[in-house]
Amino acid sequence: MKLWGGRFTKPTNELVDEYTASIHFDKRLAKQDVIGSMAHVEMLKQCDILSETEAGNIQDGLRAIAEKIAAGKVKMHVENEDIHMNIEKLLIDEIGPVGGKLHTGRSRNDQVALDMRLYLREELLELISLAASLQEALANTAEEQADTLMPGYTHLQRAQPVSFAHHLLAYIFMLQRDIERLQESWKRVNKSPLGAGALAGTTFPIDRYIVSDLLGMDGICDNSLDAVSDRDFVVEFLANASLLIAHLSRLCEELVIWSSAEFKFIELDDAFCTGSSMMPQKKNPDVAELVRGKSGRVYGNLMGMLTTLKGLPLAYNKDMQEDKEGMFDTVDTLKGALQLFSPMIESMRVNKEKMQQAVSDDFSNATDLADYLVSKGLPFREAHAVVGQIVLYCIQQGDKFILDLSLAEMKSFSDLIDEDIYQALTGMAVVNARDVAGGTAINRVHEQLQTVECLLQETDEWTAQKYEKLTSVKEGAHLS
Ligand code: ARG
């Protein structure tokens, strides 16, 4: 008999059981479900809705079930639909009819919303830590490569040289925004919907704040209808995740380009590449390609969730059960990508000479020649035109670049050019001339690296504090 079978005259069609069940995927919420129930029962006891003995029995039963689940000794049943009813059934089997008191003053609608929030707040911490580890890996490489120069690009055409570290730092700051967004979302995730009941609240004299305190949450959802129908926190997570993987995907694209024979700026370690079944010479940057490719499913999960919610009337609708798989998939996809990314960056070899070569065999110092002429009094627009002519002259001469010209050749374009130009136009001089906050001058790169060190420290402290909170919640419930 179904937990809700009272008003039914027939058993459910087997296909309906199969189709409407969520146990296949929400079994992942078992731990959260038990922790939420422990807090709920504790509150019912403190509010004199359950006796000490009843509450104690239920809590012991829940702990026993949690242990069995963790040990893989429990079989979940499709007929019990979801993790909530499976656990409730298990509890009744374990301790008898008193187990049926667990669901007093509660609905699966507020229960599932709570479980999702408990799940996500923990995964957010994991993801933030992993993103910070990647920042650290990038920062270590940047530290080593602070004075390695590479062409900076616009339109994928060489533009102005930059420090390779400066380029990597750009990604570190993107990841910083990702981390901040995830942290910011935490406070909206970490609210308790429990006590909203099915939609309107409950007739029992419960205290919602006891539950939220026991669970280390930052207060309650203020409106019961909103509490059970709000999945903004899932959408927000999926959107933040989409940006994060967009950033990773852009870096992946660079790794793929840089490791091509045409660029050869870097070499990815063998351990992070794969071969071809047909072409013996191949070494493919599969990990980078796959992270880039998986951005598609992460965006897809965001679109799926937004579409599921669009047009749903208040309050709970079964449609909302579709909130879970996309969220789990996005968590798994991001974790997989971030876990691989740090060691892939740490083990990559940087071809300093090749990058350096690309800086010298090119016109990326042209702006600096124009700036040089400006410093000698020429209006920028005229300087731009003079340098344009010099570049054209070089191209017409064949394989020549500005520094290959003699002083006499240069002077034929502008008398303002002197011997000191040969020093001013070297790659390092050009880079160091961009000595502006956030610029690529080597000392500015070191400044950025210092900023990153502080940011990493802050993230570390933030996550440690939250982890501590979660651990104390589990200890409070006597759950490991
Ligand atoms: N398995 C359901 C879900 O994930 C739990 C809530 C079910 N509530 C209901 N009224 N049918 O959304």
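Counting starts at 1 for both ligands and their atoms, in listed order.
- Atom CH2 of residue W258 and atom CE of residue M355 lie 6.0 Å apart, to the nearest 0.5 angstrom.
- Looking only at heavy atoms of the protein, atom 3 (C) of ligand 1 is closest to Y316 OH, 3.3 Å.
- In this structure, Y209 places its OH atom where only 12 or fewer heavy-atom neighbours from other residues, nucleotides or ligands lie under 6.0 Å away.
- Closest protein heavy atom to atom 10 (N) of ligand 1: N109 OD1, 3.1 Å.
- At a heavy-atom distance under 4.0 Å, only side-chain atoms of K324, from C-beta outward, approach ligand 1.
- Of all atoms in ligand 1, numbered sequentially from 1 with element shown, those under 4.0 Å from a heavy atom of S22 are 1 (N).
- Protein heavy atom in closest approach to atom 11 (N) of ligand 1: R108 NH2, 3.5 Å.
- Contact annotation: the side chain of R292 never approaches that of R250 to less than 4.5 Å [non-hydrogen atoms, C-beta and beyond].
- Judged by distance alone, the side chains of Q321 and Y316 never bring a donor and an acceptor atom under 3.5 Å apart.
- Taking atom 2 (C) of ligand 1 as the reference point, the nearest protein heavy-atom neighbour is Q321 OE1, 3.3 Å.
- Between E81 and ligand 1, not a single N/O pair is under 3.5 Å apart.
- Ring orientation note: the planes of Y119 and F328 are nearly perpendicular, at an angle over 60° on the 30°/60° scale.
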